[in-house]
Amino acid sequence: MIEPRWQDRWEAEQTFKAFNPGQVVPSTHPFGLRHGLAGQPATAAALPPKFYILDMFPYPSGAGLHVGHPEGYTATDILARFRRSQGRHVLHPMGWDAFGLPAEQYAIKTGQHPRVTTNANITNFKRQIRSLGFSYDWSREVDTTDTGYFRWTQWIFLQIYHSWFNPVTQRAEHISTLPYPADCTTEAQRRPYRDSKRLAYVSEAPVNWCPELGTVLANEEVIDGKSEVGGFAVIRRPMRQWMLRITAFAERLLTDLDTIDWSDSLKEMQRNWIGRSEGAEVDFTLDGHGERIRVFTTRPDTLFGATYMVLSPEHRLVKQITTDAQREAVEKYQTWAAGRSDLERTELAKEKTGVWTGAFAINPVNGQRIPVWIADYVLSTYGTGAIMAVPAHDERDFEFARKFDLPIVQVVQPPDAKTDWQGFCDEGTAVNSSGPDLSLDGLPTLEAKRTISTWLESRGLGKKTVNFKLRDWLFSRQRYWGEPFPIQWEPAADGSRHHAGIAESELPLLPPALDDYKPTADGQPPLARAADWVNLPGNVLRETNTMPQWAGSCWYYLRYLDARNGEAFASKEAESYWMSAAAAIPGNGPAPTPGVDLYVGGTEHAVLHLLYARFWHKILFDLGHVSTPEPFYKLVNQGLILGSDGQKMSKSRGNVVNPDDVLQEYGADAFRLYEMFMGPLSETKPWNTQGVEGVYRFLGRVWRVFVDEKSEAEFEQACAVDPSIGDQHLSKVKLSPAIADVPGEPAQLKALHASIKKVTEDLEGMRFNTAISAMMIFANDALNWPVKPAGALATFLQLLAPFSPHLAEELWERLHNHLGKPVPSLTYTPWPTFDPALLVEDSYELPVQVNGKLRDVLRVPNETTNAQLEALALAAEKAQPFLAGKTVRKVIVVPKRMVNIVVG
RNA sequence: GCCCGCGUGGCGGAAUUGGCAGACGCGCUAGAUUCAGGUUCUAGUGAGUAACAUCGUACAGGUUCAAGUCCUGUCGCGGGCACCA
């Protein structure tokens with residue numbers, strides 16, 4: 001009943017609006033009144049230190065909000081309100097990641113334009129989010145499918161397209177700084193060279209094609225050979241696709257993880273995905289050919305144990321080196337391997353397959369002739385697509401050698417003599433590793449690696465190398481409901497076509513209107529259906545692929561900074577004010593950090609959104625468009641909320657909890673409180689509706705701390721008679737006559753300040769569950785106070801306000817009215833500080849242990865000396881039976897903590 | 001298989017540097033209010049005992065005056081990666 005009233009009030013007052021440098025703060029705005037900025041233009045210098053607190057914006061699905069969404073949103077809202085009260089200038093925005101498959105599939109089925117579906121879903125999401133009382137600045141709302149938004153997504157793509165990665169500076173630079181090789185003189189020669197260096201480039205390589213979805217997918221979107229969305233089969237097939245050169249940034253994406261405050265597990269996931277490994281490339285000459293085969297190995301120290309080589313079936317040299325006798329078998333194997341889907345490949349991973357090419361290579365360290373095989377356990381996309389096989393010390397090579405009866409030679413001695421050397425893959429000591437020019441025998445693995453690397457380099461046979469698992473980002477999709485590429489294909493004199501970026505002045509490039517959203521009959525993307533959109537004068541064609549859903553979410557946190565700017569994605573001033581570090585307000589939390597101060601969301605984006613966004617941000621940083629190398633300084637993952645049966649919530653299990661139902665029954669305040677009281681934010685935890693009941697009771701107790709019992713009882717009776725006019729009755733409820741504007745008793749102040757301390761410290765540490773328990777303890781105590789000091793109650797409401805803002809506002813207003821005082825803004829009233837002096841008592845409880853077991857607890861004055869403590873403990877009544885007849889060997893006194901008597 | 005994280009009452013979870021295990025809440029038991037149900041209030045609630053004793057933080061060891069916390073091993077659960085040479 002009281003909740004919509006306050007939501008309307010906040011909206012009318014624009015209570016949570018954040019102001020950009022240069023904007024005028026309205027003269028009545030409570031933020032302006034607090035910070036002396038009312039009615040004045042805010043300058044970056046005059047504005048208080050920023051706090052940018054961000055939620056992962058939702059995809060507005062037709063199903064509406066899930067109880068998982070409000071978990072993170074409540075946490076950030078509590079902190080946003082807390083920081084506002086502490087005097088920070090809080091940026092807390094919300095928006096919609098609205099491109100995506102469901103709206104498009106719905107369009108295919110019904111013909112309804114995805115725009116219509118999307119708008120309806122956004123309306124519903126916004127209603128639900130608003131009803132939870134979150135303090136978003138809605139004036140900065142973004143929608144990735146809005147032309148005013150994706151215009152800048154396209155603009156950023158153009159910046160990427162017009163850039164290359166300079167290996168010397170290790171930075172993205174404009175393509176105009178690209179140096180050309182000496183033999184590259186004409187434009188006809190330079191264009192393909194230039195295009196091969198861009199950060200956005202076209203590739204013909206095999207891609208992850210999902211027939212069911214009718215589109216290609218990025219590596220990050222394929223899980224166990226199936227699509228991340230829907231779980232459909234994915235096959236590899238060569239196609240012409242747009243790629244983004246994220247691999248150029250692999251090293252920086254890895255090392256910069258050390259500069260940001262993310263959980264170890266999340267950093268670890270990114271590290272694993274980037275997959276850096278150090279090793280060496282070694283050249284093997286082919287016996288009887290001029291060709292060389294280059295391999296990558298992390299264990300060059302085992303080179304003497306290489307008894308055969310393996311190429312991936314797709315390796316470019318396979319055709320040349322295969323002998324006539326083996327040709328048929330090799331080609332058959334290649335065909336078979338190419339026809340296998342990713343899924344089959346992983347499922348059958350245990351059984352090794354392969355064929356001998358008939359060729360031999362020479363091991364450069366000992367001159368041995370070793371056979372060259374092809375096998376699909378060697379990946380064409382990693383390293384050089386070829387390996388030297390050391391079956392004695394590599395699990396996969398070992399399996400393969402056993403299956404095909406290839407020689408196994410020990411070259412590493414395990415440190416523990418009992419360990420079998422066959423299949424031993426760890427570090428040890430080199431053995432059997434002597435050749436005409438070199439011996440590694442007796443060297444520990446690490447040294448052996450160094451020695452042989454130096455030797456190889458000095459002979460020009462190899463060099464140290466670093467490899468990454470990370471692949472370039474497949475960036476095009478065959479869909480309608482996505483951003484069209486700002487790219488067109490222009491004809492050349494020889495009849496071929498090349499791509500070119502369209503002019504920035506032509507942005508936004510809108511998608512065409514279509515009646516049918518399916519791909520064309522000949523397998524072209526849906527945009528190809530719009531002939532008059534695709535075909536431009538001069539035989540120029542538009543690109544018909546669209547960008548993946550990730551494009552919009554790669555930079556949305558930047559658009560919030562200046563969401564209505566039509567000249568740029570954000571003004572320089574806004575970007576630099578909100579994204580730069582600054583000084584702290586003493587005693588009021590941490591200093592503003594570079595980038596987003598706190599980002600909260602689920603872990604499902606660990607290697608997708610969070611990697612892509614960091615990548616784009618680094619490009620924008622290199623090009624001078626943003627001022628920090630990393631976008632998200634601190635990141636916290638909320639844990640999953642399970643159904644009450646401890647299983648993942650899903651429609652098929654019937655354990656899904658709908659926030660609307662909870663809200664209807666208990667209200668937003670109780671819902672918010674329960675989401676936070678369940679347990680630590682980052683933990684996985686099951687939903688329990690009885691738990692909601694528990695916090696609902698707590699709010700009821702808070703209410704009864706304040707209101708007059710008699711008028712409350714009358715109110716409840718009146719509601720029972722006619723619930724429809726409940727709010728009329730509610731206004732008649734009076735506050736308790738026990739509330740008086742008097743200073744608190746010492747015990748009352750102690751209770752209050754203990755909870756100020758606990759709530760404040762727990763908010764800093766994001767320990768919401770224990771903060772709530774501290775408030776419960778206070779309310780239980782305050783309920784029994786015969787006289788209730790108004791000041792203490794007001795302060796308590798400030799503590800409660802971030803968690804349950806509606807009830808806090810209501811009681812805050814009534815309390816001030818009750819005292820006949822003006823009502824200050826609860827949002828912008830300075831956060832209370834606790835007085836340590838009020839918490840100190842003059843005595844404390846001293847546990848007395850005998851041999852480590854608790855036997856008695858004494859109350860002793862603070863100033864008791866250690867010697868006195870010892871004497872008191874030895875005399876403790878309940879400890880006596882355990883001391884009788886024993887010798888006291890030692891007494892350990894921990895001042896203010898406990899005493900332990902050791903007897904024997 | 002590899003890499004992270006986690007195992008505490010009937011349940012969700014508390015426990016600065018090792019220092020009173022089980023805060024707070026749910027549930028349960030008994031009582032009060034009530035015609036009754038609900039609400040609310042009071043008391044109790046790890047096992048065990050008449051009460052003590054004793055046992056108790058996945059299991060088995062270890063370090064320590066003292067271990068949920070530190071060390072070693074085992075088991076279980078969750079997440080990530082998965083033929084990455």
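We name chains A, B, ... by the order of the sequence lines, and we start the count at 1 in each one.
Here B:A53 is the nucleotide among B:G19, B:A53, B:A15 with the atom lying nearest to any side-chain atom of A:Arg855. In the set B:G79, B:C3, B:G19, the nucleotide with an atom closest to the side chain of A:Glu268 is B:C3. Looking at the side chain of A:Ile892, the nearest of the listed nucleotides B:A85, B:G12, B:C65 is B:C65. Distances were taken from every side-chain heavy atom of A:Ser773 (C-beta onward) to each of B:G79, B:C24, B:A85; the shortest belongs to B:C24. Checking B:C24, B:C55, B:G25 against every side-chain atom of A:Arg701, the shortest atom distance belongs to B:G25. Nearest nucleotide to the side chain of A:Glu395, out of B:C65, B:G1, B:C83: B:G1. Considering only the side chain of A:Arg897, B:U17 comes nearest among B:G13, B:C20, B:U17. Closest to the side chain of A:Asp376, from the set B:A85, B:C83, B:C4, is B:C83. Of all nucleotides listed (B:C26, B:C20, B:C81), B:C26 comes nearest to the side chain of A:Asn688. When distances are taken from the side chain of A:Met776 to each of B:G25, B:A85, B:G12, the shortest belongs to B:G25.
Distance NE2 (A:His393) to C1' (B:C83): 19 Å, rounded to an integer number of Å. Note: CD1 (A:Ile772) to P (B:C26) measures 13 Å, nearest angstrom. Rounding to whole angstrom units, CG of residue A:Asn866 and P of B:G19 are separated by 19 Å. Distance A:Tyr666 OH to B:C26 P: 12 Å, rounded to the nearest Å.
Contact annotation: A:Asn769 side-chain N/O to B:A14 OP1/OP2 distance is under 4.0 Å. Considering only side-chain N and O atoms, A:Ser277 lies under 4.0 angstrom from the phosphate OP1 or OP2 of B:A85. Under 4.0 angstrom from either OP1 or OP2 of B:C41 there lies at least one side-chain N or O belonging to A:Arg704. OP1 or OP2 of B:G25 sits under 4.0 Å from a side-chain N or O of A:Asn780. Taking side-chain N and O atoms only, A:Tyr377 has no distance below 4.0 Å to OP1 or OP2 of B:A85. For the OP1/OP2 pair of B:C65 and a distance below 4.0 Å, the side-chain nitrogens and oxygens of A:Lys853 include no atom meeting the criterion. OP1 or OP2 of B:C65 lies within a sub-4.0 Å distance of a side-chain N or O belonging to A:Lys890. Taking side-chain N and O atoms only, A:Arg697 has a distance below 4.0 Å to OP1 or OP2 of B:C26.
A:Tyr696 and A:Asp669 are not linked by any side-chain donor-acceptor pair at a separation below 3.5 angstrom, with hydrogens and angles left out of the test. Inspection of the A:Arg672 and A:Thr74 side chains reveals no N or O donor paired with an N or O acceptor under 3.5 Å.
In the interface, the side chain of A:Asn900 is paired with the base of B:C65 through a donor and an acceptor atom under 3.5 Å apart. Side-chain atoms of A:Lys469 stay outside donor-acceptor range of the base of B:C81, with no qualifying N/O pair under 3.5 Å.
Under the 90° criterion around 0 for the glycosidic angle, B:G22 counts as anti.
Ranked by how close their nearest RNA chain B nucleotide is to the 5' end, A:Phe677 and A:Val894 are led by A:Val894. Comparing A:Lys757 and A:Pro686 against RNA chain B, the residue whose closest nucleotide sits nearer the 5' end is A:Pro686.
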Inset, instruction - Under the side chain to side chain contact (heavy atoms under 4.5 Å, CB included) rule, what do A:Met775 and A:Val759 come out as? Steps first, then yes or no, please. - result: CA-CA 8 Å; A:Met775 291 190 290; A:Val759 171; 3.8 Å; yes

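Residue A:Ile387 holds its CD1 atom at 6.0 Å from OH of A:Tyr308, rounded to the nearest 0.5 Å.
With ring centers used as reference points, A:Phe778 lies under 6.0 Å from A:Trp785.
Summarising the local packing, NZ of A:Lys403 is surrounded by more than 12 heavy atoms from other residues, nucleotides or ligands at distances under 6.0 Å.
Residue-level contact check: A:Glu845 touches the bases, meaning some heavy atom is under 4.0 Å from a base atom. Within the 4.0 angstrom heavy-atom criterion, base atoms lie near A:Met898.
Under the 4.0 Å criterion applied to side-chain N and carboxylate O atoms, A:Lys449 and A:Asp301 are not assigned as salt-bridge partners.
Of the nucleotides present, B:G7 is the one that pairs with B:C75 by Watson-Crick or G-U wobble criteria, both distances under 3.5 Å.
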